[in-house]
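Notes to accompany the following structure.
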Amino acid sequence: MEMVTIRLATEQDYASVERIMGQVHNMHVRWRPDIYRDMTLLLPYELYLEHLNQGQILVADLAGEAVGLLIFLIRHISGGPMRERKVLFVDSMAVEEGYRGQGIGHKLLNYVRGLCREGKFDGLELQVNARNTAARAMYEKYGFTEKSINMEYFGF
């Protein structure tokens, strides 16, 4: 495989980013159709541009084509019993189906880990669907640990 590089997304990456996000969303729809709607547009272009202008979208580039993406947010946490923290939160991360398991997710995470060091962040956080065992295993292999667990009840 050619060399994958991580770079900031551009307007020209929109179609690839939307397609890759759709692949992951379709998995969520299959796992939890009671929660996720089958949608054709996940990231409206205007919202994509907002993230782009804030420098919050990274792509894994392979020969000029985006084969992975990571969208992050910066969260400032304070108040009540919580210590003040500056956290880089991974809002979305996805890799093109045919390229999964080849280290692209690790490259994206390494890049944001560098951003965390440079920006003196207190934490790097994300959420993962409980049924996405492959992604969860990848995050654990990378060194992520559970912070909290969301639970639900259906016995009404």
Side-chain angles (χ1 to χ4, degrees), residues 1 4-9 13-52 54-62 65-77 82 85-117 119 121-156:
M1 181 166 87
V4 172
T5 58
I6 307 303
R7 62 173 172 78
L8 289 172
D13 294 313
Y14 177 69
S16 296
V17 166
E18 179 65 24
R19 182 187 70 250
I20 296 166
M21 287 184 66
Q23 292 171 359
V24 172
H25 181 71
N26 288 337
M27 288 189 309
H28 291 142
V29 170
R30 281 194 309 276
W31 293 326
R32 294 298 306 265
D34 58 318
I35 296 175
Y36 295 98
R37 291 185 291 161
D38 191 8
M39 300 173 60
T40 54
L41 180 65
L42 296 168
L43 182 62
Y45 188 67
E46 297 75 26
L47 182 56
Y48 178 81
L49 291 178
E50 285 179 33
H51 285 302
L52 209 63
Q54 303 243 352
Q56 296 173 328
I57 304 179
L58 306 172
V59 293
D61 183 292
L62 178 63
E65 180 72 20
V67 295
L69 67 103
L70 188 147
I71 301 173
F72 66 90
L73 308 170
I74 297 170
R75 292 184 172 169
H76 295 274
I77 301 165
M82 303 297 288
R85 300 177 66 225
K86 179 179 164 188
V87 173
L88 189 145
F89 182 80
V90 176
D91 183 67
S92 301
M93 188 168 106
V95 174
E96 180 83 45
E97 287 173 326
Y99 293 97
R100 293 181 190 151
Q102 298 181 31
I104 293 171
H106 280 257
K107 285 187 176 204
L108 287 161
L109 291 171
N110 284 341
Y111 192 96
V112 294
R113 192 170 66 181
L115 293 176
C116 287
R117 270 195 231 86
F121 283 80
D122 300 302
L124 172 59
E125 298 180 1
L126 54 81
Q127 287 183 312
V128 61
N129 187 301
R131 295 189 183 179
N132 194 343
T133 55
R136 186 171 177 172
M138 188 269 300
Y139 294 134
E140 289 173 351
K141 184 177 179 182
Y142 192 84
F144 282 87
T145 59
E146 288 181 359
K147 175 184 166 191
S148 63
I149 298 174
N150 291 339
M151 300 177 77
E152 60 187 347
Y153 178 77
F154 291 106
F156 309 115

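Both backbone and side-chain heavy atoms feed into the values below; hydrogens, waters and symmetry mates do not.
- Within the 3.5 Å criterion, the main-chain N or O of Arg37 finds a donor-acceptor partner in the side chain of His25.
- The main-chain N or O of Leu49 is never found under 3.5 Å from a side-chain atom of Tyr14 such that the two would form a donor-acceptor pair.
- Nearest approach of Val67 to Ile20, heavy atoms of both residues: C-CD1, 3.6 Å.
- Rounded to the nearest 0.5 angstrom, His106 NE2 and Ile104 CD1 are separated by 11.5 Å.
- The distance from the CG atom of Leu70 to the OH atom of Tyr111 is 11.0 Å, given to the nearest 0.5 Å.
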Stepwise side-chain contact (heavy atoms from CB on, under 4.5 Å) test for Arg136 and Asn129: CA-CA 8 Å; Arg136 186 171 177 172; Asn129 187 301; over 6 Å; no

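- Here Leu52 contributes atom CG and Ile57 contributes atom CD1; the two are 5.5 Å apart, rounded to the nearest 0.5 Å.
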Evaluation steps, side-chain contact (heavy atoms from CB on, under 4.5 Å), between Asn26 and Asp38: CA-CA 7 Å; Asn26 288 337; Asp38 191 8; 4.1 Å; yes

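- Aromatic ring pairs are classed by plane angle as parallel below 30°, tilted from 30° to 60° and perpendicular above 60°; the pair Tyr45 and Tyr48 is parallel.
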From CA spacing to verdict: side-chain contact (heavy atoms from CB on, under 4.5 Å), Phe72, Leu124: CA-CA 10 Å; Phe72 66 90; Leu124 172 59; over 6 Å; no

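- Between the side chain of Asp122 and the backbone N or O of Lys86, at least one donor-acceptor pair lies under 3.5 Å.
- Proximity of Leu42 to Val24: side-chain heavy atoms (C-beta onward) are nowhere separated by under 4.5 Å.
- A distance of 6.5 Å separates CG of Leu115 from CG of Leu58, quoted to the nearest 0.5 Å.
- For Gly68 against Leu108, the heavy-atom pair with the smallest separation is C-CD1, 4.3 Å.
- For Tyr153, the OH atom is loosely surrounded, since the number of other residues' heavy atoms within 6.0 Å does not exceed 12.
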Derivation of the side-chain contact (heavy atoms from CB on, under 4.5 Å) call for Arg7 and Asp13: CA-CA 11 Å; Arg7 62 173 172 78; Asp13 294 313; 2.7 Å; yes

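- For the atom pair CG (Asn132) and CE (Met138), the distance works out to 9.0 Å, reported to the nearest 0.5 Å.
- With contacts defined as side-chain heavy-atom distances shorter than 4.5 Å, the pair Ile71/Met21 qualifies.
- Glu140 CD: more than 12 foreign heavy atoms inside a 6.0 Å radius.
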Show me the side-chain donor-acceptor pairs of residues 91-98 shorter than 3.5 Å, one per line, residues at least two apart or across chains.
from, atom 1, to, atom 2, distance (Å)
Glu96, OE1, Arg19, NE, 3.3
Glu96, OE1, Arg19, NH2, 2.6
Glu96, OE2, Gln23, NE2, 2.7

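- Listed by chain and residue number, nothing satisfies the ring pair (Phe, Tyr, Trp, His ring centres under 6.0 Å) test with Phe89 (two or more places apart in sequence, or in another chain).
- Using cut-offs of 30° and 60° on the angle between ring planes, the pair Tyr139 and Phe144 is perpendicular.
- Listed for the Tyr142 side chain is a donor-acceptor partner under 3.5 Å among the backbone atoms of Asn110.
- A donor-acceptor pair is defined here as one N or O able to donate and one able to accept, closer than 3.5 Å; no such pair exists between the side chain of Lys107 and the backbone of Ala60.
- Under the salt bridge (charged side-chain N to carboxylate O under 4.0 Å, His left out) criterion, the residue pairs touching residues 147-156 are Arg32-Glu152, Glu125-Lys147, with sequence neighbours excluded.
- In this structure, CG on Leu41 lies 5.0 Å from CD on Glu18, to the nearest 0.5 angstrom.
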